[in-house]
Amino acid sequence: MKYVLVTGGVVSGLGKGVTASSIGVVLKACGLRVTSIKIDPYLNTDAGTMSPFEHGEVFVLDDGGEVDLDLGNYERFLDVKLTRDNNITTGKIYQVLKLSALLLELVHKNLGQFFQIFGLPEDIKFVIDKERRGDYLGKTVQVVPHITDAIQEWIERVAMIPVDGKEGPADVCVIELGGTIGDIESMPFIEALCQFSYRVGPGNFCLVHVSLVPVLNVVGEQPLVENVKEKLSKFCHVPEADIVTLYDVTNIWRIPLLLRVGYSIAGEPKLDEWVSRAEICDTLHEPVRIAMVGKYTGLSDSYLSVLKALLHASIACHRKLVVDWVPASDLEDTTEKEAPNLYEKAWSLLKGADGILVPGGFGDRGVQGKILAAKYARENNIPFLGICLGMQIAVIEFARSILNMQDANSTEFEPDTTCPCVIFMPEGSKTHMGGTMRLGSRKTFFHVTDCKSAKLYGNVNYVDERHRHRYEVNPDMIMELERAGLAFVGKDETGRRMEILELPLHPYFVGVQFHPEFKSRPGKPSAPFLGLIAASCGQLDALLQGTTRSNQLPTKNSPSNSVSKPNACQTGNTKKPAKSLLEGSFYSNVG
Ligand code: GLN
């Protein structure tokens with residue numbers, strides 16, 4: 001196993017994650033298998049309880065791990081599926097030690113024999129074994145060596161987990177150390193990684209330090225000129241040839257292309273697909289306007305995967321994505337009274353959009369505004385996609401407007417509502433927030449096959465998508481809602497949990513209880529997003545019928561192989577070998 005460590009200096013937010021992912025892309029393009037680990041030195045156990053406002057979105061993995069958004073970059077760039085252990089935090093390291101301490105106590109009480117008989121996870125066994133040999137008795141537990149050892153063992157163990165669907169470990173593990181060098185929290189990790197580099201040997205470990213080279217008195221950075229490289233080389237003891245300049249580019253898909261310069265690790269990296277995608281992204285000009293009606297508007301990191309999924313779908317439809325941020329609460333009547341200009345602005349953005357997206361969320365701020373946005377989309381035939389909370393509010397809106405249930409609400413916002421159409425799920429916890437939601441990959445079965453979603457997903461029996469929620473559509477209200485015209489086309493394996501809703505007579509009105517954004521990939525757009533974008537730019541019918549519209553497609557300078565099939569990794573169990581619409585001629589032509 002070769003290790004590449006990426007650290008950051010001067011300031012955070014330089015794009016260390018994108019740099020690390022791009023290094024992975026270049027290595028992968030050289031034919032190597034790549035995995036990655038993100039270290040977040042904060043004390044939290046995971047990102048699950050952290051505010052998207054401060055830290056950006058919480059990315060959800062197949063195994064239900066709630067992790068830093070950088071893992072999303074790795075999954076998208078490398079097309080891999082990571083595990084929760086690929087994100088190391090100080091909290092997790094201490095948890096292992098705490099567990100070990102607890103087990104030590106049990107050993108002392110002779111209960112440890114139980115574990116000796118039934119087995120323990122390797123890293124915990126390690127501590128117990130050491131204790132049995134007497135290594136710890138009477139000793140102080142210290143950062144060095146106890147924490148630094150636990151970190152190194154974790155890295156070595158997790159690096160071996162295959163993440164690309166193939167057997168056996170990857171060839172290279174890219175490790176990104178969050179924060180910047182000098183942070184107090186990072187110190188044990190830096191010490192552990194120093195020891196680790198020594199342990200695995202110089203041929204197996206490489207350090208990449210990402211730093212800002214500012215231009216004084218100007219906002220921006222410099223493409224490094226020779227004398228700057230020379231100076232950096234002298235001061236940092238790094239050969240000039242190893243200093244790479246990653247200045248701002250038009251889109252992030254150009255970063256792997258910048259990194260390719262001067263390197264030939266295992267031959268020339270095959271990055272044609274990345275070149276095409278980067279070119280296409282820059283040449284699109286016809287816009288598709290999507291109104292994002294959310295709580296954290298303007299903070300793109302809070303909805304990073306949703307934006308990426310929109311972008312992947314827009315590129316597939318050859319449209320330039322324009323996102324109009326609509327603060328949900330600005331659509332509400334109270335804003336009309338208190339800040340009429342904000343109200344006007346929000347409504348004019350909403351009304352000017354080709355499509356409307358209401359993303360996931362928690363808490364009641366802006367909920368009424370989201371309900372109004374769903375109502376507007378439903379009544380005016382505007383393409384609409386509601387994700388998680390977005391689906392729940394679409395149900396509330398439908399119940400209020402169509403079933404005349406004025407008190408319809410979610411018990412999340414009104415615990416005593418007389419008309420609970422969204423309710424708390426029995427398996428959740430109301431007292432413990434961390435890791436207690438319905439999390440990770442679950443199956444959704446299509447109960448109605450003649451619907452837009454089933455077709456968009458390629459007529460499969462079920463899809464595997466990632467979840468993160470505590471509330472669900474009240475199963476006792478389904479019959480009434482369905483009778484009034486709301487179609488629940490996708491359900492879980494029990495048939496009692498609603499996963500996908502549609503309004504059959506609307507051009508595109510879809511709600512999903514899961515988060516399809518987490519599995520969207522460049523070149524493999526997620527089906528519900530593709531539906532939204534295609535409907536928003538008048539291409540949905542053609543897409544669903546599989547007809548080509550070559551007259552609309554740019555041909556010059558737009559390589560046709562840049563956009564491949566939509567996300568096949570999330571679909572399963574094809575009912576018949578019937579050609580998926582997504583793989584149809586439409587796609588091979590739009591490229
Ligand atoms: N707050 C809602 C729930 O817990 C929706 C969650 C979400 O949008 N991720 O069910």
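All ligand and atom numbering here is 1-based and tracks the order in the structure. Note that the structure is a prediction, hence the values are computed from the model and not measured.
- Salt-bridge formation is not detected for the pair D492/R442: no Lys NZ or Arg NE/NH1/NH2 atom is positioned less than 4.0 Å from an Asp or Glu carboxylate oxygen.
- Using a cutoff of 4.0 Å between basic side-chain nitrogens and carboxylate oxygens, R521 and E75 are scored as salt-bridged.
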Could you go through ligand 1 and list every pair where one of its N or O atoms sits under 3.5 Å from a protein N or O, giving the atom names and the distance to one decimal?
residue	atom	partner	partner atom	Å
ligand 1	1 (N)	G361	O	2.9
ligand 1	1 (N)	E412	OE1	2.7
ligand 1	1 (N)	E412	OE2	3.1
ligand 1	4 (O)	R470	N	2.9
ligand 1	8 (O)	G361	N	2.8
ligand 1	8 (O)	G361	O	3.4
ligand 1	8 (O)	L389	N	3.0
ligand 1	9 (N)	R468	O	2.9
ligand 1	9 (N)	H515	NE2	3.2
ligand 1	10 (O)	Q392	NE2	3.1
ligand 1	10 (O)	R470	N	3.2
ligand 1	10 (O)	Y471	N	2.8
ligand 1	10 (O)	Y471	O	3.4

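- Considering only heavy atoms from C-beta on, K491 stays 4.5 Å or farther from F445 through its side chain.
- A distance of 6.0 Å or more separates the ring centres of F446 and Y462.
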Enumerate, atom names and distances included, each donor-acceptor pair closer than 3.5 Å involving a side-chain atom of residues 337-364, sequence neighbours excluded.
residue	atom	partner	partner atom	Å
W347	NE1	L331	O	3.1
S348	OG	K345	O	3.3
D354	OD2	R289	N	2.7

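- Within the 3.5 Å criterion, the main-chain N or O of L530 finds no donor-acceptor partner in the side chain of H312.
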